[in-house]
There are 2 protein chains.
Amino acid sequence: MNKTILLNNRPNGKPQESDFKFTDSDIPVVNNGEVLLKTKYVSVDPYMRGRMSDAESYIEPFQLNKPINSGIIAEVIESKNDSFTKGDFVSGMLDWKEQQTHNGKDLLKVDADKAPLSAYLGILGMTGLTAYHGLTEIGKPKEGETIVVSGAAGAVGSTVGQIGKILGCRVIGIAGSDEKVDMLKSKYGFDAAINYKTTEDMTKAIADATPKGVDVYYDNVGGTISDAVHANINRFGRIVVCGAISLYNSTSLPTGPRIEPILIKKSVLMQGFIVNNFSDKFPEGMDQLSQWLKAGKLDFSETIVEGFDNIPNAFLDLFEGKNKGKMIVKV
Amino acid sequence: MNKTILLNNRPNGKPQESDFKFTDSDIPVVNNGEVLLKTKYVSVDPYMRGRMSDAESYIEPFQLNKPINSGIIAEVIESKNDSFTKGDFVSGMLDWKEQQTHNGKDLLKVDADKAPLSAYLGILGMTGLTAYHGLTEIGKPKEGETIVVSGAAGAVGSTVGQIGKILGCRVIGIAGSDEKVDMLKSKYGFDAAINYKTTEDMTKAIADATPKGVDVYYDNVGGTISDAVHANINRFGRIVVCGAISLYNSTSLPTGPRIEPILIKKSVLMQGFIVNNFSDKFPEGMDQLSQWLKAGKLDFSETIVEGFDNIPNAFLDLFEGKNKGKMIVKV
């Protein structure tokens, strides 16, 4: 049999297991021009919460009772397409199916000898590019400046921090456990890290960790953690708004301090983005990331969950902060 | 006698007459290298509210029991400085005094034959430059795009709208009376204008006025008016955060919807600024504004209040929206 995971309900607030539905179907027939793909690694990402709603967004919503899709590494197990050979590994936006056919368009061959296959969903894929282009194109850090990263133990955050260090900046991370805080400092070389769950006065803690203030804030979380960073932003600071995981499950409009007075007083730039805005620069980004990876300058963490049936739970665990680095399901 | 206006108290919330104090002193002696200036026109501006507080900001606060200062046009009535002659008119940041001496540094000679003296405090001064550089450097409007301006009947807002029209954009203004709304359309050529005081559903009103959405929002007010504009912002929209007059008198931290989800979903840029950030481009800006003014493409309004004693009240009236265009006191 060939399992597929469909969107069963649009979540109200935090997604639940019952928002997903498993179905079985036959292995599809491979037509001319197509390949048959076997799913190997599945990426689950916070932005997918947005696609589960039908609100207007930058990406089309998932359809009810249709397969969910995400970044997937698959093996070509049969090919009737001249561009692919049995045994090739490919990366692409694919359905949450054990096996599926594909016409090959937008599939990217990946080399299992150069890096572990899962890395192409992370540090050498959208995750690494989101960190690299968001930080360099919007944050524009200069040597000697101070960068604060929220969601720092996540896949994007830990990469941002390392790139910040490579570029000669002081880097402070915010994360939600002492274990993560230790990892940020020991594994990723952050200059300081703050456990927001055990820190009473975040504004003061950030002030203490950034004696020269905050020049760049790479924000993955939004909410009250960000308020505390905004209070420490420097004149001409840049706020890179990459994600707002703390707000995604809100059922009412999340409110907080209005940001305009800070933006005016400090001449601050705040910019949201999605990685595809920089698609014309992806070759440059992947090249730079590969070089740093090869030179041993970039480290990455993965939380790898095993089993096709665990894909929904792995996604749900993102909102509990259960991952360290990129959350991936190995099928 | 020679009157001076001092800061008497730091306001709590809305400033009041009692926050100002009048004193008298002798006419100062003119030393070598100095000029004696007689105040002719005094600019009162919303940003000065910030300087009345002692909170950290981009500009040093006014000192208690010291003279307040602002943009002033003065006449040189005695000169012991080779750069100036009796009868010259100058523009500069000067004290709220009837007469004062000055060493000439940073004083700019202005030509009363080329434009009315008061224009150098408005359309050809900081006001015009704030409109021009904020709109062109941050808003970066392209021909055919839609610009929304809040506080549109104010000095900066009405100039922004006209520049938008010159650049080939659709321009919508938001103001607080039917009279102002009429003026925006008839005098300044706005394509549409909305009276926020009589409009029940601002989000819908803005949507109706901007069939292709909002590409650039030039924000002078902040608060709930801005929330309604943000809800209509386009992908890759730019929010120019020039002022937040609706928030300046708050005694508690003003709160509202968190902006991050919109910035991410629409890849929006939001940037605060003060006009001095663009000082290296002022010559270009003044040149462009003068050309447009000469060509009859720019119109401007002034609300001119008469009498040195009325300076504080003119300032207080800004927060009641009593001005149309630039608020100036003629001494």
Side-chain angles (χ1 to χ4, degrees), chain A residues 46-47 49-51 53 55-59 134 138 150 213 217 219-224 226-227 230-231 233-248 250 252-278, chain B residues 46-47 49-51 53 55-59 134 138 150 213 219-227 230-231 233-248 250 252-278:
Chain A
Y47 81 89
R49 172 64 184 86
R51 299 191 67 186
S53 305
E56 191 202 355
S57 187
Y58 55 84
I59 186 167
I138 299 174
S150 63
Y217 175 37
D219 185 9
N220 291 300
V221 305
T224 54
S226 294
D227 298 339
H230 297 162
I233 196 90
N234 282 340
R235 191 149 151 64
F236 298 120
R238 289 82 70 195
I239 301 174
V240 185
V241 190
C242 176
I245 196 169
S246 77
L247 311 176
Y248 290 163
S250 294
S252 60
L253 202 60
T255 59
R258 290 188 180 275
I259 190 80
E260 287 90 341
I262 291 176
L263 300 189
I264 296 171
K265 275 185 192 165
K266 302 288 183 75
S267 292
V268 166
L269 177 148
M270 189 172 185
Q271 189 169 355
F273 75 103
I274 57 165
V275 66
N276 284 339
N277 298 352
F278 303 109
Chain B
Y47 81 88
R49 173 64 183 83
R51 300 190 67 185
S53 305
E56 190 201 354
S57 188
Y58 54 84
I59 186 168
I138 298 174
S150 63
D219 186 9
N220 290 300
V221 304
T224 56
I225 291 173
S226 294
D227 298 339
H230 297 161
I233 196 90
N234 282 340
R235 190 150 152 66
F236 298 120
R238 288 83 70 195
I239 301 173
V240 184
V241 190
C242 176
I245 195 168
S246 77
L247 311 176
Y248 290 163
S250 294
S252 61
L253 201 59
T255 59
R258 291 188 179 275
I259 190 77
E260 287 90 340
I262 291 177
L263 300 188
I264 297 171
K265 275 185 193 166
K266 302 289 183 73
S267 292
V268 166
L269 177 148
M270 189 172 185
Q271 190 168 355
F273 74 103
I274 58 165
V275 66
N276 285 339
N277 298 352
F278 303 111

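Below, read A as the first sequence line, B as the second, and so on, with proteins coming before strands; counting in each chain starts at 1.
- Each of A:Pro261, A:Gly272, A:Gly222, A:Cys242 has some count of heavy-atom pairs under 4.5 Å with chain B, and the biggest count is that of A:Gly272.
- For A:Val241, the parts sitting under 4.5 Å from any heavy atom of chain B are the backbone and the side chain alike.
- The shortest non-hydrogen separation linking A:Pro257 to B:Arg258 is CD-NH2, 3.9 Å.
- Taking chain B as the reference chain and counting heavy-atom pairs below 4.5 Å, the highest number among A:Leu247, A:Asn277, A:Ile262 is found for A:Asn277.
- Using a 4.5 Å heavy-atom cutoff, the side chains of A:Gln271 and B:Gln271 are not in contact.
- Two residues are said to be in side-chain contact when any heavy atoms from C-beta on lie closer than 4.5 Å; B:Arg235 and A:Ile274 meet this criterion.
- For the set B:Ile138, B:Asp219, B:Asp227, the count of heavy-atom pairs under 4.5 angstrom toward chain A peaks at B:Asp227.
- Taking both residues in full, the closest heavy atoms of A:Glu260 and B:Ala244 are given as CB-CB, 4.4 Å, listed atom of the first, atom of the second, then distance.
- For the set B:Gly243, B:Pro254, B:Ser226, the count of heavy-atom pairs under 4.5 angstrom toward chain A peaks at B:Pro254.
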